[in-house]
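I have placed the structure first, in the form of structure tokens, so that the comments after it can refer back to it.
Just follow the structure's listing: the first ligand is 1, and inside any ligand the first atom is 1.
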Amino acid sequence: MPSHEIAVPNLADPKTYADHDMTEIWRRLRAEDPVHRHPESEYGPGFWVVTRYQDVSQVLRDDKSFTSERGNVLATMLQGGDTGAGRMLAVTDGPRHTELRRLLLQAFAPRALAGVTLRVRQSVRRLLTEAVERGECDFAQDIASVIPLETICDLLAVPVADRQEVLKLTKSALASDYESPGADMDRMARGEILLYFSDLLKERRKRPGTDPISLMANAEVQGERLSEEDIILNCYSLIMGGDETSRLSMIGAVRALVENPAQWLALKNGDVTVESAGEEVLRWTTPTMHFGRTATADVKVGERVIAAGDLVTLWFTAANRDEAAFPDPDRFDLARSPNKHLSLGYGRHFCLGAYLGRVEINAMLDGLRTFAGDIELTGPGRRIYSNFLSGMSSLPIALKADPAGPSRRPE
Ligand code: HEM
């Protein structure tokens with residue numbers, strides 16, 4: 001059926017995702033118009049909407065015909081580009097990307113993250129024990145929002161004395177939670193974070209450690225030292241990349257477990273491994289609904305020809321439910337195998353923090369199955385307001401202790 005017969009709401013409008021159940025729209029697009037032309041709107045020019053697993057993978061793999069340097073999310077692409085292009089890892093391509101990524105990977109390797117991993121597990125256990133004692137909490141605000149930011153501070157080796165302040169600023173700066181965020185306050189908070197990192201950078205130039213700031217402060221990329229601005233931009237992007245994504249998948253995990261009691265039981269009884277459960281949580285929640293690229297040459301995707309210069313959006317949220325890639329895709333199945341979801345991307349820009357994100361999600365699942373006996377939703381919660389991220393910013397729950405919990409799996 002031709003595309004114009006599918007009523008596709010404006011995908012650039014954050015309200016779309018609050019007002020529509022997108023599952024059916026994605027299913028129809030995958031089936032009937034998998035490379036869909038989205039018209040221009042008040043948000044900007046038209047763009048392609050790719051929804052099939054195979055086509056999304058093709059574009060992610062083909063970094064010759066598609067670039068990230070003109071933005072990699074709809075908001076920046078529609079505005080005509082990203083100010084961090086060619087400097088911030090996610091929106092840099094070619095040899096500069098390869099070198100910068102190789103440098104940063106040293107701080108993201110499992111061995112380098114051993115200490116961070118241990119502290120994630122300890123924090124999760126502490127927060128869950130406290131929540132179980134209280135009997136209820138807002139899982140999003142009280143637990144899931146604490147772990148990722150603490151973890152990134154730990155990763156960047158932010159001194160303990162500064163953490164409360166940095167956490168407060170980052171929380172104000174990253175505000176897709178609300179429909180009309182206090183824009184001025186956000187800008188101020190963002191400015192203060194950048195200043196803070198600038199000071200931290202001076203310190204790391206003098207006394208380097210093994211954290212990403214020290215690595216960037218003391219290395220050369222393409223034969224030159226990175227500028228202060230480039231380093232700060234990349235620090236900021238680590239916070240942006242690592243905070244909401246992990247947070248939203250943990251929140252989505254709890255919601256899915258409550259709504260699928262048999263799966264919760266399977267997790268608690270050890271019928272499925274935490275690792276397998278973590279992958280299904282990633283597929284199911286798909287915290288980043290899309291990423292995007294700009295075509296650098298004319299290229300065929302599915303049955304359509306995308307022209308050089310065209311904007312292309314890749315809907316992971318649709319591809320992760322593609323029946324051609326996942327049998328029974330609308331079933332939350334913690335034992336799903338294989339489970340080659342696209343939630344962490346694919347190809348050269350595959351998530352740098354993938355290992356860390358998985359550590360956080362798996363620690364949360366392990367903590368829940370150890371300490372929680374019974375979980376119930378006690379309120380409707382609140383969705384975030386975004387055309388990029390998907391999930392809940394509030395999830396009130398009641399948590400009963402597992403009487404056998406801590407003794408069953410001692411630390
Ligand atoms: C890239 C998702 C956690 C830092 C990506 C991409 C996705 C993604 C889909 C690919 C973007 C593209 O192709 O344009 C997620 C999800 C996470 C997560 C779902 C958690 C569940 C993290 C964490 C960090 C991080 C914890 C860092 C602390 C980055 C960076 C990139 C990236 C720096 C750019 C990599 C590159 O361009 O080479 N992430 N991410 N992410 N992510 Fe994550």
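A donor-acceptor contact shorter than 3.5 Å is absent between the side chain of T67 and the backbone of D63. Proximity of a side-chain donor or acceptor of T286 to a complementary backbone N or O of S343 within less than 3.5 Å is not detected. Put simply, the side chain of R336 gets close to the backbone of P327: a donor and an acceptor are under 3.5 Å apart. Not a single donor-acceptor pair under 3.5 Å links the side chain of R70 to the backbone N or O of G81. Proximity of a side-chain donor or acceptor of N234 to a complementary backbone N or O of D230 within less than 3.5 Å is detected. A side-chain donor-acceptor contact under 3.5 Å links D322 to the backbone of Y53. One N or O on the side chain of H290 and one on the backbone of L74 form a donor-acceptor pair closer than 3.5 Å. Remark: side-chain polar atoms of N260 are paired, donor with acceptor, to backbone N or O of A256 under 3.5 angstrom. Judged purely by atom type and a 3.5 angstrom limit, S394 has no side-chain atom pairing as donor or acceptor with the backbone of Q141.
For atom 7 (C) of ligand 1, the nearest non-hydrogen atom from the set F108, F291, Y346 belongs to F291. Scanning C351, G347, G353 for the heavy atom closest to atom 32 (C) of ligand 1 points to C351. Residue G241 holds the heavy atom nearest to atom 22 (C) of ligand 1 of all those in G357, A90, G241, G71.
In this structure, the ring of F388 has its center less than 6.0 angstrom from the ring center of F291.
When only non-hydrogen protein atoms are considered, atom 2 (C) of ligand 1 lies nearest to S343 O, 3.4 Å. Considering only non-hydrogen protein atoms, atom 37 (O) of ligand 1 sits nearest to H349 ND1, 2.6 Å. Atom 18 (C) of ligand 1 has as its closest protein heavy atom T245 OG1, 3.4 Å. Protein heavy atom in closest approach to atom 23 (C) of ligand 1: G242 CA, 3.3 Å. Residue, atom and distance of the protein heavy atom nearest to atom 31 (C) of ligand 1 are L352 N, 4.0 Å.
The side chain of T288, and not its backbone, has at least one atom closer than 4.0 Å to an atom of ligand 1 (non-hydrogen atoms only; side chain from C-beta on). When heavy-atom distances to ligand 1 are checked against a 4.0 Å cut-off, L282 comes that close only through its side chain, counted from C-beta outward.
Heavy-atom proximity to R293, at under 4.0 Å, picks out these atoms of ligand 1: 12 (C), 13 (O), 14 (O). Near L238, meaning under 4.0 Å from any of its heavy atoms, are these atoms of ligand 1: 27 (C), 28 (C), 33 (C). Contact atoms of ligand 1 toward H97: 36 (C), 37 (O), 38 (O) (distance under 4.0 Å to a heavy atom of the residue). Distances below 4.0 Å separate heavy atoms of S246 from the following atoms of ligand 1: 20 (C), 21 (C). Residue R348 has at least one heavy-atom neighbour below 4.0 Å for each of these atoms of ligand 1: 38 (O). Within ligand 1, counting atoms from 1 as listed, the ones closer than 4.0 Å to a heavy atom of L89 are 35 (C), 36 (C), 37 (O), 38 (O). Proximity to S249 (heavy-atom distance under 4.0 Å) selects the following atoms of ligand 1: 21 (C). The contact set between ligand 1 and G345, taken as ligand atoms under 4.0 Å from a residue heavy atom, comprises 9 (C).
No more than 12 heavy atoms of other residues, nucleotides or ligands sit less than 6.0 Å from atom CD of E224. Residue R134 qualifies as enclosed at atom CZ: its count of foreign heavy atoms under 6.0 Å is above 12.
By the 4.0 Å heavy-atom criterion, L248 is excluded from the residues contacting ligand 1. Residue S68 places no heavy atom under 4.0 Å from ligand 1. Heavy-atom separations between S237 and ligand 1 are all 4.0 Å or longer.
Within the 4.5 Å cutoff, the side chain of N320 has no heavy atoms near those of the W284 side chain.
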